[in-house]
Every structure is written in structure tokens, then in C-alpha cells.
Number of protein chains: 2
Amino acid sequence: MKIIKKEADYAVRALLFIAAKNERVPASAVYSSVKAPRSFMRKILQVLSREKVLVSEKGRAGGFRLARKPEETSLLTVVEAFGGRKSRGGCPFDGRACGNYGFCGLREKLGEIEERIFEKLGKTSLKNLLRREDEKKKDYKDN
Amino acid sequence: MKIIKKEADYAVRALLFIAAKNERVPASAVYSSVKAPRSFMRKILQVLSREKVLVSEKGRAGGFRLARKPEETSLLTVVEAFGGRKSRGGCPFDGRACGNYGFCGLREKLGEIEERIFEKLGKTSLKNLLRREDEKKKDYKDN
DNA sequence: TTTAAATGATACCATTTTAGTATCATATAA
DNA sequence: TTATATGATACTAAAATGGTATCATTTAAA
């Protein structure tokens with residue numbers, strides 16, 4: 001069971017990095033911090049930009065910055081940017097005939113579960129994640 | 001996002017069919033009811049048998065029956081039978097280095113979500129599903 | 001005005017996972 | 001002894017995921 005794919009995972013890490021910087025950051029800086037393959041990360045940033053999660057500027061002093069405040073971008077947004085919500089309803093058949101015409105308790109149940117996942121992803125913002133990590137680091141220092 | 005794969009989906013449907021029959025059922029009966037490819041379904045039933053979800057009898061009047069009462073087999077059991085829980089912790093890197101040494105707020109969060117999914121799958125038994133479908137059919141008749 | 005450093009678009013390839021098929025061996029009741 | 005079952009297992013096909021590479025365009029600064 002895989003909630004998000006590597007693409008989205010790298011994306012989140014990249015976003016956290018950019019959020020922490022709080023200024024325009026070039027892709028090169030991102031993939032030297034987040035340990036992702038160069039080309040792959042570039043593509044990921046482009047997707048985030050196309051999907052309006054990031055705003056980019058071209059040219060020499062170009063780079064990426066968050067399109068919104070960290071508390072306004074959720075994991076769900078990121079997951080959706082990479083097509084993570086397209087196969088809806090928890091049904092591997094996408095609601096097409098599956099021998100269980102009309103009613104399907106299983107599909108219903110899986111749909112419910114899926115909704116909860118989306119709900120939780122939707123409620124987790126970049127800010128939440130940043131805070132979590134800060135607290136952990138603090139804990140560490142305290143010991 | 002895919003909570004279970006087709007294999008597991010077919011498996012659940014097969015189990016529901018067998019549960020409803022409440023007697024030994026040959027594979028042929030299963031795949032004429034559940035619309036799954038013949039060979040694929042045979043393999044699935046074998047897995048369920050190997051994993052002690054079903055009990056099989058060979059030979060002429062052979063077939064499959066539930067190893068336990070319908071309320072004692074959960075979706076989680078089925079999902080696990082098909083290896084659905086092997087990549088733990090919601091981390092696409094399976095806990096290996098991901099540039100985020102030590103702390104990882106994302107991993108932590110995804111782990112939490114995953115746990116909830118398992119919890120819900122664990123609490124949903126074949127009996128629950130059978131009942132759901134019965135109720136729906138009843139609703140239908142009432143209208 | 002040229003050049004270096006950036007993103008945009010996009011086509012392509014590799015790997016892994018999922019889905020499905022086919023075959024032969026073994027057991028057993030009629 | 002034969003028809004009807006499951007067991008084991010090897011194989012292939014298709015789809016999803018992960019990753020690479022190239023060329024075009026933009027822009028600030030030398």
C-alpha cells in the first residue's frame with residue numbers, strides 16, 4: 001500500500017526546503033539539498049509550477065517560490081498535482097462493471113476509507129510538517 | 001491512490017460468494033459468479049488457501065470453504081495475504097536514506113495515515129460486507 | 001550584445017509492479 | 001480408470017512508476 005509516490009514525496013521535501021528559505025530558490029539548490037536525481041527533480045518542480053503550487057521566474061536570477069503561504073498548501077494539493085486522486089472511489093475497476101452490478105459493499109467501504117485519507121492529507125499543510133520537524137529537532141537538542 | 005489491488009478485490013468477492021453459499025464450492029462456481037479471469041481466479045483461491053483464509057479439499061467433490069466464520073476474516077487479512085502491507089510506514093523509501101536523515105515529519109504523518117487505513121481494514125469483516133449488501137438490497141426492494 | 005544561468009516543454013527509456021495465462025502434477029469420488 | 005477437483009509454478013503482457021536527456025526560451029549581468 002502506497003499513499004504517495006516518490007515523485008510526490010520528493011515534491012513535498014522540495015516544498016519544505018523552499019518554504020524554509022522563504023525566498024526565490026533555483027532548482028540547483030533544491031536538488032543539492034533534497035537528495036533527488038537532478039533531472040527528475042527539475043521535472044517535479046515544473047509540475048508544481050504548472051499546477052500553481054510554486055511560482056517560477058525564468059532567466060538568470062530565476063527560480064521558484066511558494067505560490068501561497070505554507071499553511072495554505074496541503075499534502076492533498078501536492079498529491080493531486082501528481083494525479084494521485086484520479087482513480088476515485090477505492091474501486092480498482094473505477095466503477096466499471098465488476099460482476100457486482102448495482103450494489104457493492106466493498107467498493108462503498110473502500111470509498112469511505114479513501115475519503116478519510118484525502119481528508120487527512122487535506123488537513124496537513126506544509127506548515128504543519130515544518131512545525132513537526134522543528135519540534136523534533138528541539139526535542140533532540142533538549143536531550 | 002489504490003487501496004487494494006484487483007487480486008485482493010477479486011479475492012474479497014470470491015470470499016463473499018463462498019461465505020454466502022456456506023458450503024464447499026469449486027473454483028468453477030466462483031469464477032462464473034465473480035467475473036474474474038478463470039486462471040487468475042484459480043491462482044487467487046490458491047493463495048487464499050495457502051494463507052489459511054480458505055480451506056480446500058482436492059479431488060472430485062473438492063472445492064473451497066471459509067477457514068473461519070465470516071466475522072473472523074477481515075479485509076486486512078485478505079490484503080495481507082496478497083502482500084499489501086509489506087511496504088510499511090508510508091515511506092516510499094521504506095525508511096532508507098532519503099536526504100532527510102533522522103527526522104521526517106512527512107514520513108511520520110504518512111505512517112499515521114497508513115495505520116488508520118490498516119485499522120479500518122482490520123475492523124471490516126466479511127460479515128460486515130455481507131450485511132451491507134443485504135441492507136442495500138432490502139432498501140431497493142422497499143422502494 | 002553576447003553569454004551564463006535559469007525555467008519550459010517534451011520525448012524517451014528503464015524498472016518495477018500488477019495482471020493474467022498456461023501447464024503439469026496430484027488427489028479423490030464415482 | 002476416468003472425470004473433476006486443487007497444488008505448484010513458470011511464464012508473458014500490460015501498466016504504472018521512476019528517471020534521463022535535449023532543445024527552446026527567458027533574463028540579468030559581464
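Labels below follow one simple rule: chain letters A, B, ... track the order of the sequence lines, proteins then strands, and each chain is numbered from 1. Predicted model, so just to flag it, every value in this text is computed and none were measured.
Rounded to whole Å, atom P of D:dA30 lies 7 Å from atom CZ of A:Arg60. Residue B:Tyr31 contributes atom OH, which lies 13 Å from atom P of C:dA22 at whole-angstrom precision. The CD1 atom of A:Ile4 sits 14 Å away from the C1' atom of D:dT17 (whole-angstrom rounding). Straight-line distance from the CD atom of B:Glu51 to the P atom of D:dT6: 18 Å, rounded to whole Å. If you take NZ of A:Lys6 and C1' of C:dA14, they are 13 Å apart, rounded to a whole angstrom. Rounded to whole angstrom, the span from the NZ atom of B:Lys2 across to the P atom of C:dT17 amounts to 12 Å. What separates NZ of B:Lys52 from C1' of D:dT6 is a distance of 14 Å, to the nearest Å. B:Phe64 places its CZ atom 13 Å from the C1' atom of C:dA27, with the value rounded to the nearest Å.
For the pair A:Phe82/A:Leu48, a side-chain contact is recorded, criterion being any heavy-atom separation below 4.5 Å from C-beta on. When side chains are defined from C-beta on, B:Leu66 does not count as touching B:Val55, because their heavy atoms never get closer than 4.5 Å. Counting heavy atoms from C-beta on, the side chains of B:Leu76 and B:Thr124 never come closer than 4.5 Å. Looking only at side-chain heavy atoms (C-beta outward), A:Met41 and A:Leu45 come within less than 4.5 Å of each other. Side-chain contact between A:Arg65 and A:Val25 is absent, with no heavy atoms from C-beta onward closer than 4.5 Å. Taking the side chain as every heavy atom from C-beta outward, B:Phe64 and B:Glu57 never approach each other to under 4.5 Å.
Remark: B:Ser56 is not in phosphate contact with D:dA5, judged by side-chain N or O atoms under 4.0 Å from OP1 or OP2. Contact between the side-chain N/O atoms of A:Lys5 and the OP1/OP2 oxygens of D:dT17 is found at a separation under 4.0 Å. Contact check, B:Tyr10 against C:dG20: a side-chain N or O comes under 4.0 Å of OP1 or OP2.
Sequence order on DNA chain D of the closest nucleotides to A:Pro37 and A:Gly59 puts A:Pro37 first from the 5' end.
Of the residues in residues 21-30 of chain B, not one places a heavy atom less than 4.0 Å from an atom of DNA chain C. Looking at residues 39-50 of chain A, you'll see A:Ser39, A:Phe40, A:Lys43 sit with a heavy atom under 4.0 Å from some atom of DNA chain D.
The two residues A:Glu71 and A:Ser125 have their closest heavy-atom pair at O-CB, 3.6 Å.
In this structure, the side chain of A:Thr73 does not engage the main chain of A:Pro70 through any donor-acceptor pair within 3.5 Å.
Here B:Ser28 pairs with B:Pro26, B:Tyr31 under the side chain to side chain contact (heavy atoms under 4.5 Å, CB included) rule; sequence neighbours left out.
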